[in-house]
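What follows is a short report on a single structure.
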Amino acid sequence: MVKKVFHFMGKGGVGKTTSAATQASLLSERGKTLIVSLDPAHNLGDVLGAKVGEEPEEVAPNLYAAEPNVDRIISSFVKRVVEELQDHYKYLKVYNLDNVLRVLEYTPGVEEQALLEALAKFMNLEVFDYLVIDHAPTGLSVRVLLLPEIMEGWLERLIELRKQIIKRRKILGDDEEDQVLNILLEELEKNKKLKELLKDPERSSVIVVLNPEEMPFLEAKRIKDTLADFGIPLCGVVVNKIVSERHEDSIVRSIMEEQKRWLSRINEEFKDYKIIRVPYLVPPPKGLETLKKVGREVWGGALCCS
């Protein structure tokens with residue numbers, strides 16, 4: 001398993017991918033680093049200035065990148081689960097109930113479970129020291145991080161029910177090992193390990209990215225509050241696109257005044273966390289050397305690292 005995971009989260013369009021890439025470029029100077037983008041916008045390659053595929057590939061010394069196809073992850077997950085269920089519940093065909101399994105892809109929580117499995121796969125790659133996740137826009141990504149704790153309760157209840165079924169089967173003379181129980185126990189153990197990792201600030205950190213505007217601020221606050229309810233630590237905040245230079249144009253001055261108001265709200269709401277303030281950069285930083293320069297000169301080094 002990697003030494004530490006960094007989750008970059010926030011509203012779409014706030015510079016989340018660029019921030020994640022900046023962190024990864026800085027971490028690559030400390031150890032072998034993998035950055036994975038789950039953002040459907042698929043612009044990690046543009047930001048890094050390198051070709052990025054679905055599997056981890058080296059894009060610079062000590063830096064690897066991957067941009068998995070989220071739709072393919074979900075469809076592959078659903079196909080595998082349906083096949084497993086059909087194998088364990090062959091008798092459903094007798095009652096023409098096997099078609100019920102085909103609606104699994106529309107079941108609430110399936111997307112989150114598929115993405116959580118994909119994340120777990122990358123987290124378990126022992127060849128890397130650091131893993132940086134550029135998450136999809138907020139809603140789905142928050143639910144993915146909360147899923148291990150939510151699933152733990154459900155799995156414990158399902159295991160209890162399954163054991164009651166096995167007990168009654170044994171009364172009828174069926175002593176065969178129950179594969180379904182084994183699967184449930186295995187899933188419970190995996191979820192417990194993921195939950196422990198996500199709650200351990202030494203092994204996992206969430207970094208929120210936003211702009212000094214109302215909607216990104218409200219989204220960032222929602223992330224902070226929701227994760228806090230589940231004991232998942234927030235580590236730092238990156239505020240991008242700050243207009244700081246004085247300007248004669250009345251529209252630009254209006255933007256600066258509006259940003260000033262939201263920067264004050266950001267400072268108050270996130271006063272307990274390190275806040276990185278990034279000016280409006282033209283052109284936007286692209287390429288490894290430019291990202292490292294911004295990371296050193298503006299960020300002051302990698303976030304959430306001792």
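What you are looking at is a predicted structure, and each value in this text was computed from that prediction instead of being measured.
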Gap between atom CD of Glu269 and atom CD1 of Ile275 - 0.5 Å precision
10.0 Å

Carboxylate-amine/guanidinium contact Asp178 Lys163, below 4.0 Å
no

I need the minimum non-hydrogen distance between Asn211 and Ile266, along with the two atoms involved.
O-CD1, 4.3 Å

Note: Glu268-Lys271 ion pair, threshold 4.0 Å (strictly below)
yes

What are the two closest non-hydrogen atoms of Cys305 and Phe6, and how far apart are they?
SG-CZ, 3.7 Å

Is any side-chain heavy atom of Tyr273 closer than 4.5 Å to one of Lys224?
yes

Exam field: side chain Ser25 to backbone Thr22, donor-acceptor pair closer than 3.5 Å
yes

With a 4.5 Å heavy-atom cut-off, do Glu189 and Lys193 have their side chains touching?
yes

Value rounded to 0.5 Å, distance of CD in Glu186 from CD in Gln179:
10.5 Å

State whether the side chain of Lys199 and the backbone N or O of Phe230 hold a donor-acceptor pair below 3.5 Å, judged by distance alone.
yes

Tightest non-hydrogen contact, residues Ser204 and Pro233, listed as O-CG, 4.2 Å

Begin with the C-alpha distance, continue with both residues' side-chain angles, and end with the deciding distance and a verdict on side chain to side chain contact (heavy atoms under 4.5 Å, CB included) for Lys4 and Leu131.
CA-CA 6 Å; Lys4 189 164 185 179; Leu131 172 63; over 6 Å; no

Other residues, nucleotides, ligands: >12 heavy atoms within 6.0 Å of Glu202 CD:
no

CA sep, side-chain torsions, deciding dist, call: Lys190, Glu187, salt bridge (charged side-chain N to carboxylate O under 4.0 Å, His left out)
CA-CA 5 Å; Lys190 286 196 300 186; Glu187 287 299 313; 3.0 Å; yes

Nearest-0.5 Å distance that lies between atom CH2 in Trp262 and atom CE in Met215:
9.5 Å

Residue among Val142, Val5, Leu234 satisfying side chain to side chain contact (heavy atoms under 4.5 Å, CB included) with Val206
Leu234

Check: Glu67 side chain, Leu44 main-chain N or O, donor-acceptor pair, under 3.5 Å
yes

Only counting residues at least two apart or in another chain, list the ones meeting ring pair (Phe, Tyr, Trp, His ring centres under 6.0 Å) with Phe270.
none

Looking at Arg261 and Glu257, would you say the former's side chain and the latter's main chain have a donor-acceptor pair under 3.5 Å?
no

Going hydrophobic residue to hydrophobic residue with side-chain gaps under 4.5 angstrom, can you get from Phe128 over to Leu63?
no

Does any part of the side chain of Leu119, heavy atoms only, come nearer than 4.5 Å to the side chain of Leu194, both counted from C-beta?
no

Going through the checks in order, is the side chain to side chain contact (heavy atoms under 4.5 Å, CB included) test met by Ile207 and Val238?
CA-CA 7 Å; Ile207 297 162; Val238 178; 4.0 Å; yes

Ile133 with Val52, same ILVMFWY side-chain cluster at under 4.5 Å:
no

Work out which heavy atom in Leu210 is nearest to a heavy atom in Ala220; give both atom names and the distance.
CD1-CB, 4.1 Å

Minimal non-hydrogen separation, Glu149 against Lys195, with atom names
OE1-CD, 3.7 Å

Say you draw a straight line from CG of Leu185 to CG of Leu155; how long is it, rounded to the nearest 0.5 Å?
9.5 Å

Would one find more than 12 heavy atoms of other residues, nucleotides or ligands at under 6.0 Å from atom CD1 of Ile251?
no

Determine whether Val208 and Leu145 fall in the same hydrophobic cluster, where Ile, Leu, Val, Met, Phe, Trp and Tyr are linked whenever their side-chain heavy atoms lie under 4.5 Å apart.
yes

Tell me whether Leu38 shares a hydrophobic cluster with Leu34, the cluster being built from Ile, Leu, Val, Met, Phe, Trp, Tyr side chains joined at under 4.5 Å.
yes

Strictly distance-based, threshold 3.5 Å: is any side-chain N or O of Asp200 a donor or acceptor partner for the main-chain N or O of Glu196?
no

Stepwise, does the salt bridge (charged side-chain N to carboxylate O under 4.0 Å, His left out) test hold for Arg72 with Glu54?
CA-CA 10 Å; Arg72 189 174 292 126; Glu54 292 194 39; 2.2 Å; yes

Side chains of Glu57 and Tyr64: closer than 4.5 Å at any heavy-atom pair?
no

Salt-bridge present (Glu160, Arg157; N to O < 4.0 Å):
yes

In terms of side-chain heavy atoms, does Arg277 have a donor or acceptor partner in Asn267 at a distance below 3.5 Å?
yes

Honestly curious: do Leu26 and Ile35 fall in one hydrophobic cluster under the side-chain, below-4.5 Å linking rule?
yes

Looking at every non-hydrogen atom in both residues, tell me the closest pair between Thr17 and Val47 and how far apart they are.
CG2-CG2, 4.1 Å

Within the 3.5 Å criterion, strictly below it, is a donor on His7 or Ser205 matched to an acceptor on the partner's side chain?
no

Is any side-chain heavy atom of Val278 closer than 4.5 Å to a side-chain heavy atom of Lys241?
no

Measuring only between side-chain heavy atoms, which start at C-beta, is Met151 closer than 4.5 Å to Leu116?
no

Verify side chain to side chain donor-acceptor pair (under 3.5 Å) between Ser19 and Asn240, making sure each step is shown before the conclusion.
CA-CA 9 Å; Ser19 299; Asn240 286 323; 3.1 Å; yes

Listing, residues 280-303 side-chain donor-acceptor contacts under 3.5 Å, not counting sequence neighbours, or none:
{"unit_1": "Thr290", "atom_1": "OG1", "unit_2": "Lys286", "atom_2": "O", "d": "3.3"}
{"unit_1": "Arg296", "atom_1": "NH2", "unit_2": "Glu29", "atom_2": "OE2", "d": "2.6"}

To the nearest 0.5 Å, atom CZ of Phe217 lies from atom CD of Glu213 at 13.0 Å

Return the CG to OG1 distance between Leu27 and Thr33, rounded to the nearest 0.5 Å.
5.0 Å

Do Arg30 and Asp129 pass the salt bridge (charged side-chain N to carboxylate O under 4.0 Å, His left out) test, and can you show the C-alpha distance, the side-chain angles, and the key distance before you say yes or no?
CA-CA 9 Å; Arg30 295 169 172 245; Asp129 298 303; over 6 Å; no

Side chain to side chain contact (heavy atoms under 4.5 Å, CB included) between Leu115 and Leu140: does it pass, once the steps are laid out?
CA-CA 9 Å; Leu115 289 174; Leu140 180 61; 3.4 Å; yes

Can a side-chain donor-acceptor contact be found between Asp134 and Ser37 if the only test is distance below 3.5 angstrom?
yes

With a 4.5 Å heavy-atom cut-off, do Glu152 and Glu156 have their side chains touching?
yes

Side chain to side chain contact (heavy atoms under 4.5 Å, CB included) assessment of Gln23 paired with Phe8:
CA-CA 9 Å; Gln23 175 83 347; Phe8 279 76; 3.4 Å; yes

Taking C-beta and beyond as the side chain, do Leu197 and Met123 meet within less than 4.5 Å on heavy atoms?
yes

